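Taking it in order: structure first as structure tokens, then the write-up.
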Amino acid sequence: MTFNRPYITGNEIQYLNKVLGSTKIAGNGKYTKKCQSYFVNKYGFKKALLTTSCTDALEMCAILANISSGDEVIMPSYTFVSTANAFLLRGAKIKFVDSREDHPGMNEDTIEANITDKTKAIVVVHYAGVAVDMDKVMSLANKYDLLVIEDAAQAIDSYYKDTPLGSIGHLSSFSFHETKNIISGEGGLLAINDGEFTQRSEIIWEKGTNRSAFFRGEVDKYGWVDIGSSFLPSELIASFLYAQLEQLVVIQSQRKKIWTQYFEFLKTLKNKVQLPNIPEYATNNAHMFYFVCSSIEERTALLSHLKEKNIYAVFHYQSLHKSEFFRNNNHKKLMPLSDRYSDCLVRLPFYIGLTDDEINYVAESVLEFYK
Ligand SMILES: *Cc1c(COP(=O)(O)O)cnc(C)c1O
């Protein structure tokens, strides 16, 4: 049993064929606009721009935030490399913070101590699609006049209180990589919630030109007006994504069903492993099913036990502050919780199409290990 299997709704091929039969397969066409309107209408973003990845959307955030050499950006150590790389590429100094005791997400209470007069932004990561405590983060941002960027790569259709994730920070990014809930192979989204960034975002998106304004008839020629890059996906990707969006409700309900089945089987392990915790202010978008072993030795033994049974469970991030690339950066602070999740977190096979028997088999195999 593999860890992930991309779920294809069925309409992707039909929409791809429509694009192939049209005269427009480059970006910013009909399907791009349909996807972007869907996100704006459903989640209340001020503006939405499809990108070729969440990594690209994060790079756009760093440009929009005007990050330059020496600016400091606060983010969790327990995250994907792109969260950090996007800001490093613009010369930022990364200030990592540790995870929470009860959740791999960043400990909101440790952010303030890391704020200096050089701090420009806080990047939050909603791990497993479970919200960071955004009231705490936004009040710090207001107090110190900082930007908040949500790395919502895993957080599509998840909420903080009643507010969709990705609509709270000034800017946010989503991923449609084949391992996420909604996919287009590779793909992503930049959501803009602060009007200050709407105009510049589409210029950066279109290689630093005012091409979008030109196509709307707002200027009579287009040219080079800012820095930028080729961040927009082709219509082939957008059409695929649109088929997925049309099935979002079905996809989410099926994923939640699988998640709940795993949880019901495994909740008896609550004294042996750390089970996923959903704070009362957060929803669960069933992005993944993880739990945390009590040591790296236990995890290694569990993963090989499962592998013998042909079950490919996997671990996840390795603390970025200890990475080969970053560790010489004069980083002295210990991050024991991030290290614990690096060493001990396990993710079980999770994809639409897992049968009840397969879920049962995975769960029984885990229970057998702990017997
Ligand atoms: C998947 C992921 C990314 C990267 O997404 P891509 O679309 O592959 O660039 C970034 N951050 C987090 C937290 C992720 O889970």
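The structure presented is a predicted model; accordingly, all values stated were derived computationally and were not measured. Atoms within each ligand, like the ligands themselves, are counted from 1 in listed order.
- Using a 3.5 Å distance cut-off with no hydrogens or angles, the side chains of Asn181 and Gln252 do pair a donor with an acceptor.
- Taking the side chain to side chain contact (heavy atoms under 4.5 Å, CB included) definition, one finds that Lys136 meets it with Glu108, Asp109, Asp133, sequence neighbours left out.
- Annotation: ring-ring contact (aromatic ring centres under 6.0 Å, His included) contacts involving residues 342-371, sequence neighbours excluded, comprise His305-Phe369.
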Could you list, one pair per line, each nitrogen or oxygen of ligand 1 together with any protein nitrogen or oxygen closer than 3.5 Å, giving atom names and the distance rounded to 0.1 Å?
residue  : atom   : partner : partner atom : Å
ligand 1 : 5 (O)  : Ser175  : OG           : 3.3
ligand 1 : 7 (O)  : Cys54   : N            : 2.8
ligand 1 : 7 (O)  : Ser175  : OG           : 2.7
ligand 1 : 9 (O)  : Cys54   : N            : 3.3
ligand 1 : 9 (O)  : Thr55   : N            : 2.8
ligand 1 : 9 (O)  : Thr55   : OG1          : 2.5
ligand 1 : 11 (N) : Asp151  : OD1          : 3.3
ligand 1 : 11 (N) : Asp151  : OD2          : 2.8
ligand 1 : 15 (O) : Gln154  : NE2          : 2.8
ligand 1 : 15 (O) : Lys180  : NZ           : 3.3
ligand 1 : 15 (O) : Tyr317  : OH           : 3.2

Cut-off 3.5 Å, no hydrogens considered: what does the side-chain donor-acceptor table look like for residues 39-48, sequence neighbours left out?
residue : atom : partner : partner atom : Å
Asn41   : ND2  : Ser37   : O            : 3.1
Tyr43   : OH   : Asp157  : OD1          : 2.7
Lys47   : NZ   : Glu202  : OE1          : 3.1

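- Results of the side chain to side chain donor-acceptor pair (under 3.5 Å) test with Lys120 over Asp145, Asp71, Asn66 single out Asp71 as the only residue that passes.
- Salt bridge annotation for Glu72-Lys95: present, with a cationic side-chain nitrogen under 4.0 angstrom from a carboxylate oxygen.
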